[in-house]
Amino acid sequence: MLKEIQYLDWNNSNEILKKAYKAKLFVLIIGPKGTGKTSLVRDFAENMNMKLESINFSLRTRESHLIGTKTLTNGTVSFEEGLLIKSMKESNMLYLDEINAAEADVLLRLDEALDDRRQIVLKESTGEIVKAKEGWFVIATINPLTHSGTKELPPQLLSRFPVRISLEYPPEEIELEIVKKHVSGNHDSEIIQAIKLANVLRQAAAVEELFYSPSLRETIAFGKLLDEGMTPKKAANIVFGNVYTQWGNIEYQKVSDIITSMFGN
């Protein structure tokens with residue numbers, strides 16, 4: 001993960017999060033994969049000295065993961081609380097990653113907990129009403145609708161997050177500084193070229209000319225492979241090119257031609 005979060009804060013995102021927390025307003029961070037959304041949230045939780053509970057909805061998260069489930073141990077039935085209930089009771093920061101990939105039944109339970117009452121009926125157990133402790137804070141992220149598996153959030157749930165932060169890929173010079181924090185060698189010119197390649201692919205994906213948009217993690221990986229003695233062209237093919245083979249040879253060849261034009265033969 002990216003640790004130099006100060007380089008990601010080109011939208012003063014940390015300051016916005018602090019103000020939202022003090023105002024008791026939940027936050028929605030919007031941006032494509034790999035722009036540092038998760039790193040921003042983790043850094044904020046660490047700075048606020050708050051325990052972070054994370055739920056990723058792209059992993060087919062079910063209602064039981066949020067609320068909990070009954071378990072049978074040595075003949076005794078007990079209820080194991082899910083991350084949503086746990087965070088409400090303990091006033092932990094709750095991170096709802098890729099919330100617009102969640103199933104409808106999951107979104108309904110979230111909507112119940114996130115309204116102004118900050119409470120939920122634990123119908124899966126005793127029927128008690130769980131009310132969030134003071135200081136409970138929720139941050140959610142969504143990917144653009146062009147990303148596979150995403151869908152529009154219902155308006156009533158969207159309104160639960162009145163503070164919205166748009167996080168985009170950083171400018172080239174900022175991305176270079178980020179990558180340099182993770183590599184030991186002096187590969188500035190090659191990394192700059194890789195960042196330009198990544199931005200070409202990102203722009204093509206944004207207008208649906210390609211199926212995939214490379215993230216900051218990939219430009220970092222490119223730099224690390226250069227540290228290991230790999231040539232720039234080979235590193236570019238491995239990191240940026242080969243992933244497109246899953247969409248067929250035509251898709252892969254498009255990207256391969258771009259890599260050749262930028263890194264030569």
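With hydrogens and angles disregarded, no donor-acceptor distance shorter than 3.5 Å links the side chain of T219 to the backbone of I195. In this structure a side-chain-to-backbone donor-acceptor pair under 3.5 Å is present from T141 to E98. Side chain of H182 to backbone of V179: no donor-acceptor contact under 3.5 angstrom is found. Between the side chain of S261 and the backbone N or O of I258 there is at least one donor-acceptor pair closer than 3.5 Å. Here the side chain of T61 pairs a donor or acceptor atom with the backbone of N56 at under 3.5 angstrom. Checked by atom type and distance alone, the side chain of E53 never pairs as donor or acceptor with a backbone atom of Y95 at under 3.5 Å. Within the 3.5 Å criterion, the main-chain N or O of F211 finds a donor-acceptor partner in the side chain of E251. Proximity of a side-chain donor or acceptor of K37 to a complementary backbone N or O of N143 within less than 3.5 Å is not detected. Side-chain atoms of S256 never come within 3.5 Å of backbone atoms of Y252 as a donor-acceptor pair (strictly under, hydrogens ignored).
In K131, the NZ atom is crowded: over 12 heavy atoms of neighbouring residues, nucleotides or ligands sit closer than 6.0 Å. Counting non-hydrogen atoms of neighbouring residues, nucleotides and ligands closer than 6.0 angstrom, the CD atom of E134 reaches no more than 12 such neighbours. Annotation for E103: atom CD does not count as buried by contact number, only 12 or fewer foreign heavy atoms lying within 6.0 Å. Annotation for E80: atom CD does not count as buried by contact number, only 12 or fewer foreign heavy atoms lying within 6.0 Å. Heavy atoms from other residues, nucleotides or ligands lying under 6.0 Å from CZ of R164 number more than 12.
Counting only heavy atoms from C-beta outward, the side chains of V106 and L66 approach each other to under 4.5 Å. Residues L122 and I129 have side chains not in contact (no heavy-atom distance under 4.5 Å, counting atoms from C-beta outward). Side chains of M50 and Y21 form a contact here, defined as non-hydrogen atoms less than 4.5 Å apart. Taking 4.5 Å as the limit, every side-chain heavy atom of H65 sits out of range of all side-chain heavy atoms of F57.
Minimum heavy-atom separation, G241 to V255: CA-CG1, 4.0 Å. Taking every heavy atom of both residues into account, Y244 and P214 meet most closely at OH-CD, 3.9 Å. Of all non-hydrogen atoms in W136 and L94, the two that sit nearest each other are CZ2-CD2, 3.9 Å. Across V27 and F161, no two heavy atoms sit closer than the pair O-CD2, 3.4 Å. Of all heavy-atom pairs spanning E90 and N92, the tightest one is OE1-ND2, 2.9 Å. Annotation for V121 and R109: closest pair O-NH2, 2.9 Å, computed over non-hydrogen atoms.
Note: the hydrophobic cluster containing L108 does not contain L110 (ILVMFWY, side chain heavy atoms under 4.5 Å, direct or indirect links). Residues V200 and I238 share a hydrophobic cluster, clusters being chains of Ile/Leu/Val/Met/Phe/Trp/Tyr side chains in contact below 4.5 Å. In the hydrophobic clustering of this structure, W247 groups with I259; members are Ile, Leu, Val, Met, Phe, Trp, Tyr whose side-chain heavy atoms approach within less than 4.5 Å, directly or through other members.
In this structure, the separation between CG on N237 and CG on N242 is 6.0 Å, given to the nearest 0.5 Å. Of the inter-residue distances, the one linking M88 atom CE with L83 atom CG reads 13.0 Å to the nearest 0.5 angstrom. One distance of note links CG of L28 with CD1 of I99; it measures 7.5 Å at 0.5 Å rounding. Remark: S13 OG to L17 CG distance equals 6.5 Å, nearest 0.5 Å. Separation of atoms CZ (R160) and CG (L25) is listed at 13.5 Å; rounding is to 0.5 Å. Between M48 atom CE and F137 atom CZ the span is 8.0 Å, to the nearest 0.5 Å.
Pairs passing the salt bridge (Lys or Arg N to Asp or Glu O under 4.0 Å) check and including a residue from residues 224-241, sequence neighbours excluded, do not occur.
A salt bridge between K196 and E172 is present, with a side-chain N of the basic residue lying under 4.0 Å from a carboxylate O of the acidic one. The pair E81-K89 meets the salt-bridge criterion, since a charged nitrogen lies less than 4.0 angstrom from a carboxylate oxygen.
Among L107, D115, L114, D111, the one residue that satisfies the side-chain contact (heavy atoms from CB on, under 4.5 Å) test with Q156 is D111. For the side-chain contact (heavy atoms from CB on, under 4.5 Å) test with I165, the passing option among I30, N14, I16 is I16; the others fail.
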Checking side chain to side chain contact (heavy atoms under 4.5 Å, CB included) for the pair I139/L96: CA distance, chi angles, key distance, verdict? CA-CA 6 Å; I139 303 175; L96 306 174; over 6 Å; no
Residues N199, Q203; criterion side-chain hydrogen bond (donor to acceptor under 3.5 Å, both in side chains); working and verdict: CA-CA 6 Å; N199 281 330; Q203 291 163 11; 5.6 Å; no
**Study point:** Full working for salt bridge (charged side-chain N to carboxylate O under 4.0 Å, His left out) between R202 and E175
**Key:** CA-CA 14 Å; R202 291 164 183 166; E175 188 163 356; 3.0 Å; yes
Pair D97, I55 - check side chain to side chain contact (heavy atoms under 4.5 Å, CB included), show working. CA-CA 6 Å; D97 191 20; I55 304 172; over 6 Å; no
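No donor-acceptor contact under 3.5 angstrom links the side chains of Y169 and S215, judged on distance only.
F79 is linked by a ring pair (Phe, Tyr, Trp, His ring centres under 6.0 Å) to nothing, counting only residues two or more places apart in sequence or in another chain.
A cation-pi arrangement is present between R118 and F26 under the rule of less than 6.0 angstrom and at most 45 degrees off the ring axis.
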